[in-house]
Visitor: 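I'd like to ask some things about the structure below.
These values consider heavy atoms only, across backbone and side chains, with no hydrogens, waters or symmetry-generated copies.
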Amino acid sequence: MRHILGISAYYHDSAAALVTDGRIVAAAQEERFSRRKNDEGFPTNAITSCLRHAGLTVGELDAVVFYDKPITKFARLLEMYLAVAPAGFGTFLQVLTSWLGEKLNLRGTIRGELPGLRKDCPILFTEHHQAHAASAFFPSPFQKAAILTVDGVGEYATTTIGRGEGNEIELLKELRFPHSVGLLYSAFTAYCGFRVNSGEYKLMGLAPYGEPRYAAGIFENILDLKADGSFWLNMEFFSFMRGWSMTNDKFHTLFGGPPRKEDEPLTERHADVARSIQVVTEEVMLRLARHARELTGERFLTLAGGVALNCVANGRILREKIFDRIWIQPAAGDAGGALGAALAVWHGTPKQRSRDTDDRSDSMQGAQLGPAYSDEEIETVLRAHGANYLRLNDSEMIERTAALLASEQVVGWVQGRMEFGPRALGNRSILGDPRSPKMQSVMNLKVKFRESFRPFAPVVRRERVSDYFELEEDSPYMLLVAPVKDELRRVVTETSRGLERLKQIRSTLPAVTHVDYSARIQTVTQKENPVLYSLLEKFESITGCGVLVNTSFNVRGEPIVCAPDDAYRCFMNTAMDYLVIGHFLIERAVQPERHVKRRVQPTSD
């Protein structure tokens, strides 16, 4: 098999990935094309994009692989509803209706969606956590490693510990539904008024503003955690097996009130709840990591699954030195399952990985796996919008952008191939000056239209990271949190509580320093992203500061931008000052005075 297409769909964050001769060629999420956040439909647009990049047609595919086993998952759903019957009957009828269509006959669905597929092209299925494990191990820089996958639920498994070597993966232990740290964290996400499967980042960002005063209650009443990281959830506090809500009255009583509604203010209690479940989650992940080391005897750890996106927990695992090195799949959630499914099938054939030593690089290509657009394509879009713009050469683009950032301008930045996964890593980003005390509030409230407490990430050249942060490792995918260096911190007298602490300046890089003096760090090398690397160099030459603010180019409720049209529309509907897309510089103040409608209105997320 040469060309293998992996697909994830129908549950959360549909995606497609193309692997050719074991090399990752392209990968993208459907939401970036449909403009519907967390689009769970069949990833037609993402498939088209992957094939177009490779210059292939559907008829040239040698296999199509789906990232879990639908019949097994359906069996688990039936068992769940039968276990709680007659409760949940209304929910069961709604779920049954969706399953009796395209999900159970998935082979037929795939062939219907890909009409050019050859009749002899096999349609294969991996187990959900097998796909996660493959997405973690095979692209990693390690020839041998422990594998930890943690998410909500696949077919039955919610957590697995495995070991990878060469082209083989063995899953050694698993925890099963309903005992899931992913579902536990999502329950608290919903309780604090955020949307499940997209608001978990908000809960993590809220946590440092609170105190863990509910953590003991979680351990005493809800979570029976063992020394090896295995656990048992007390289902008396949850309702997700009976209906659409995650929690019940018993849960609400334990935490001092009903769930927060989306439009209600966040209180100190909500911050304390968030901090408590974050502390609990970190303890679970630490114990699982220690057990993975004991069970496998391996020096390196790879991680995937939605909980592996909890960068605070990842930072704890790193600082505890349980493993010599760790590597986290940047598309750790369900989207990455598409890539893992394709890699699992390719490595299941009699082939060997191209790498036989543990080097410092992975095969994810900086997660720059989506579509790119030429200057000619960009200019066509700008002209269609009647935009006023300047076309610059390479050096002019870097110099002008660095100067704008140094004067505290907010810049939309679109370069090269779109990133795969939930993070913008410098190709579909909004950039700012981290030295500015007002930058966090400006970017949150006027540009991103999101909650003021949410922190921004710093991006820094790899060789400079330890000058600003307590981190010696690579962090190319913004999946590790580490403290800001002591010498950059400012002493703060803590007189306020909760979200009032947001107003205090805590370091010489206030826009990227969270309330607990931490930062979610992205490191960049010249090899991975030469354009962003050059911009960081130029900014430092002007300001003496080697760090920039990097956040995703989108607004609340919308996916990260993909195409030039998405970028211009988003730019014109925010208070961004400038847009740099390809070699074109667009100043907001001189654009036509007319409203540019979004193709799809954002959801209220």
Side-chain angles (χ1 to χ4, degrees), residues 1-9 13-36 39-67 109-118 121 123 139 330-331 335-343 345-346 363-382 384 414-421 424-425 427-428 529 531 553 559-569 581-583 599-600:
M1 294 182 183
R2 288 202 65 209
H3 308 299
I4 302 175
L5 178 70
I7 296 173
S8 63
D13 205 10
S14 295
L18 181 66
V19 171
T20 294
D21 294 333
R23 184 175 65 88
I24 303 167
V25 174
Q29 291 136 278
E30 183 67 11
E31 66 167 18
R32 307 294 173 83
F33 307 95
S34 69
R35 310 309 300 159
R36 292 189 293 271
D39 193 337
E40 61 181 28
F42 192 84
T44 304
N45 296 298
I47 292 170
T48 300
S49 175
C50 290
L51 293 175
R52 181 183 294 123
H53 179 81
L56 295 175
T57 66
V58 170
E60 294 174 276
L61 293 172
D62 296 301
V64 177
V65 195
F66 196 74
Y67 82 128
T109 299
I110 290 173
R111 290 202 178 274
E113 295 283 356
L114 302 175
L117 204 63
R118 300 193 322 267
C121 179
I123 297 174
L339 175 60
L343 289 170
V345 168
W346 192 86
S363 61
M364 285 295 294
Q365 303 161 52
Q368 299 169 70
L369 298 170
Y373 299 88
S374 67
D375 281 342
E376 290 69 29
E377 290 172 309
I378 295 167
E379 191 164 24
T380 297
V381 170
L382 295 177
V414 178
Q415 303 292 326
R417 298 182 70 180
M418 180 180 69
E419 303 92 336
F420 182 50
L425 301 170
N427 287 14
R428 300 293 186 277
N529 196 324
V531 178
F553 196 151
I560 296 172
V561 302
C562 173
D565 185 65
D566 306 325
Y568 186 78
R569 290 174 188 273
I581 177 169
H583 287 89
R599 288 197 289 129
V600 178

Visitor: How close do Ile581 and Ala567 get, heavy atom to heavy atom, and via which atoms?
Guide: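 Here Ile581 and Ala567 meet closest at CD1-CB, 4.1 Å.
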Visitor: With the side chain counted from C-beta on, respond yes when Asn529 and Leu425 share a heavy-atom pair under 4.5 Å apart, and no when they do not.
Guide: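 No - every pair of side-chain heavy atoms lies 4.5 Å or more apart.
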Visitor: Within the distance-only criterion (no hydrogens, no angle test), does the side chain of Arg428 pair as donor or acceptor with the backbone N or O of Gln415 below 3.5 angstrom?
Guide: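 Checking the backbone N and O of Gln415 against the side chain of Arg428, a donor-acceptor pair under 3.5 Å is found.
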Visitor: Indicate yes or no: at least one non-hydrogen side-chain atom of Leu343 is less than 4.5 angstrom from one of Pro139.
Guide: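 Answer yes - side chains close enough.
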Visitor: Would a distance-only check, ignoring hydrogens and angles, find a side-chain to backbone donor-acceptor pair under 3.5 Å from Ser14 to Phe42?
Guide: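 Not at all, since once roles are kept as given, no pair shorter than 3.5 Å links the two residues.
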Visitor: Can you give me the closest heavy-atom contact between Ala335 and Ser8, atom names plus distance?
Guide: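 Reported closest heavy-atom pair: CA-OG, 3.8 Å.
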Visitor: side-chain contact (heavy atoms from CB on, under 4.5 Å) with Glu113: which of Thr109, Leu117, Ile110?
Guide: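 When Thr109, Leu117, Ile110 are each tested with Glu113, the side-chain contact (heavy atoms from CB on, under 4.5 Å) holds only for Thr109.
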Visitor: Could you tell me which residues satisfy side-chain contact (heavy atoms from CB on, under 4.5 Å) with Glu379, sequence neighbours excluded, listed by chain and number?
Guide: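 Checked Glu379 against side-chain contact (heavy atoms from CB on, under 4.5 Å); matches are Arg383, Tyr389, Arg391, Phe584.
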Visitor: Between Glu31 (side chain) and Pro559 (backbone), is there a donor-acceptor pair under 3.5 Å?
Guide: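 Not a single qualifying donor-acceptor pair exists.
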Visitor: Set out, in order, the CA-CA distance, both residues' side-chain angles and the distance that settles side chain to side chain contact (heavy atoms under 4.5 Å, CB included) for Tyr373 and Cys562, then state yes or no.
Guide: CA-CA 10 Å; Tyr373 299 88; Cys562 173; 3.5 Å; yes
Visitor: So Asp375 and Ile378, side chain to side chain contact (heavy atoms under 4.5 Å, CB included) or not? Walk me through it.
Guide: CA-CA 5 Å; Asp375 281 342; Ile378 295 167; 4.0 Å; yes
Visitor: Does any part of the side chain of Leu51, heavy atoms only, come nearer than 4.5 Å to the side chain of Leu61, both counted from C-beta?
Guide: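 Yes, close enough: below the 4.5 Å cut-off.
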Visitor: When you check the side-chain N and O atoms of Glu377 and Thr380, is any donor under 3.5 Å from an acceptor?
Guide: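 Judged by distance alone, the side chains do not pair up.
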Visitor: So, for Arg118 and Glu60, which heavy atoms are closest and what is the spacing to 0.1 Å?
Guide: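 Arg118 and Glu60 have their closest heavy atoms at NH1-C, 4.0 Å.
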Visitor: List in chain and number order the residues that pass side chain to side chain donor-acceptor pair (under 3.5 Å) with Gln368, two or more places apart in sequence or in another chain; answer none if no residue qualifies.
Guide: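 Checked Gln368 against side chain to side chain donor-acceptor pair (under 3.5 Å); matches are Asn427.
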Visitor: Do you know the tightest heavy-atom contact between Cys50 and Ala16?
Guide: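 Smallest heavy-atom distance, with atoms named: SG-O, 3.7 Å.
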Visitor: Counting N and O atoms only, with roles assigned by atom type, does the side chain of Arg52 sit under 3.5 Å from a partner on the main chain of Thr57, one being a donor and the other an acceptor?
Guide: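 Judged by distance alone, no pair lies under 3.5 Å.
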Visitor: Provide the closest heavy-atom pair for Ala28 versus Ala46 in the form atom of the first, atom of the second, distance.
Guide: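 Looks like O-CB, 3.5 Å.
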Visitor: Could you note down all residue pairs passing side chain to side chain donor-acceptor pair (under 3.5 Å) where residues 40-51 supplies at least one of them, sequence neighbours left out?
Guide: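 Residue pairs with at least one partner in residues 40-51: Glu30-Asn45.
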Visitor: Side chain to side chain donor-acceptor pair (under 3.5 Å) with Asp62: which residues, sequence neighbours excluded?
Guide: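 Asp62 satisfies side chain to side chain donor-acceptor pair (under 3.5 Å) with no residue once adjacent residues are dropped.
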Visitor: For side chain to side chain contact (heavy atoms under 4.5 Å, CB included), just list the numbers for Gln365 and Arg417, CA-CA rounded to whole Å, side-chain angles, deciding distance to a tenth of an Å, and then say yes or no.
Guide: CA-CA 10 Å; Gln365 303 161 52; Arg417 298 182 70 180; 4.2 Å; yes
Visitor: Just to verify, what does Phe553 make a ring-ring contact (aromatic ring centres under 6.0 Å, His included) with, not counting sequence neighbours?
Guide: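 Counting only residues at least two positions away or on another chain, Phe553 forms no ring-ring contact (aromatic ring centres under 6.0 Å, His included).
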Visitor: Kindly indicate, with the supporting measurements, whether the criterion side chain to side chain contact (heavy atoms under 4.5 Å, CB included) is fulfilled by Tyr568 and Val561.
Guide: CA-CA 9 Å; Tyr568 186 78; Val561 302; over 6 Å; no
Visitor: Is any side-chain heavy atom of Pro43 less than 4.5 Å from a side-chain heavy atom of Ile7?
Guide: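 Yes, their side chains come closer than 4.5 Å.
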Visitor: Could you report the tightest heavy-atom contact between Gly6 and Ala342, atom names first, then the distance?
Guide: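 So the two residues come closest at N-CB, 3.8 Å.
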Visitor: Verify, without hydrogens or angle tests, whether Gln29 (side chain) and Phe420 (backbone) share a donor-acceptor contact under 3.5 angstrom.
Guide: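 Not confirmed, Gln29 side chain does not pair with Phe420 backbone.
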Visitor: Quick one: side-chain contact (heavy atoms from CB on, under 4.5 Å) partners of Val25, sequence neighbours excluded?
Guide: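 Result, side-chain contact (heavy atoms from CB on, under 4.5 Å) vs Val25: Leu18, Thr20, Arg23, His53, Ala54.
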Visitor: If I take atom CG from residue Leu339 and atom CD1 from residue Ile4, how far apart are they, to the nearest 0.5 angstrom?
Guide: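 If we round to the nearest 0.5 Å, Leu339:CG and Ile4:CD1 are 11.5 Å apart.
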